[in-house]
Amino acid sequence: MLADDLVDNITTELNETQQHDSLVEKARQTVKNDPNYENEYRTAKSELQQDINQMNELQKQFNPTNK
């Protein structure tokens with residue numbers, strides 16, 4: 001019984017590892033196939049931060065008690 005449980009646990013872990021490896025490989029292929037991917041990511045991240053900053057500033061203006 002214990003041996004069967006161990007085999008099941010190891011099998012589950014191997015399957016999860018294979019799924020993770022597959023996702024990592026897909027991410028690598030995405031980056032490899034799109035040379036501008038890193039720049040696009042940085043631009044999107046910067047734009048998001050600007051939007052967050054604007055929202056925080058508007059919130060301060062409309063609700064000055066929450067500084």
| message | For the CG atom of D8 and the OG1 atom of T12, what is their distance to the nearest 0.5 Å? | response |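 Here the interatomic distance stands at 6.5 Å.
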| said: If I take atom CD from residue E38 and atom OG1 from residue T43, how far apart are they, to the nearest 0.5 angstrom? | reply: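 The OG1 atom of T43 is 10.5 Å from CD of E38, to the nearest 0.5 Å.
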| N9 versus E13, side-chain donor and acceptor atoms under 3.5 Å |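 Looking only at side-chain atoms, N9 and E13 do not form any donor-acceptor pair under 3.5 Å.
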| field | Distance-only polar pair, side chains of Q54 and Q50, donor-acceptor under 3.5 Å | value |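 Their side chains do not contain a donor-acceptor pair, so the 3.5 Å distance test is not met.
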| Side chain of S46, backbone of R42: donor and acceptor closer than 3.5 Å? |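 No, because the side chain of S46 does not come within donor-acceptor range (under 3.5 Å) of the backbone of R42.
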| task | Determine yes or no for a side-chain-to-main-chain donor-acceptor pair under 3.5 angstrom, with N63 supplying the side chain and Q59 the backbone. | result |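 A pair under 3.5 Å: no.
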| Stepwise, does the side-chain hydrogen bond (donor to acceptor under 3.5 Å, both in side chains) test hold for N53 with Q49? | CA-CA 6 Å; N53 292 343; Q49 188 59 53; 3.0 Å; yes
| task | For the residue pair S22 and Q18, establish whether any side-chain heavy-atom pair is separated by less than 4.5 Å. | result |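 Of all side-chain heavy-atom pairs linking Q18 with S22, none is under 4.5 Å.
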| task | Go through D21 and E25 one step at a time and tell me if the side chain to side chain contact (heavy atoms under 4.5 Å, CB included) criterion holds. | result | CA-CA 6 Å; D21 290 348; E25 185 55 34; over 6 Å; no
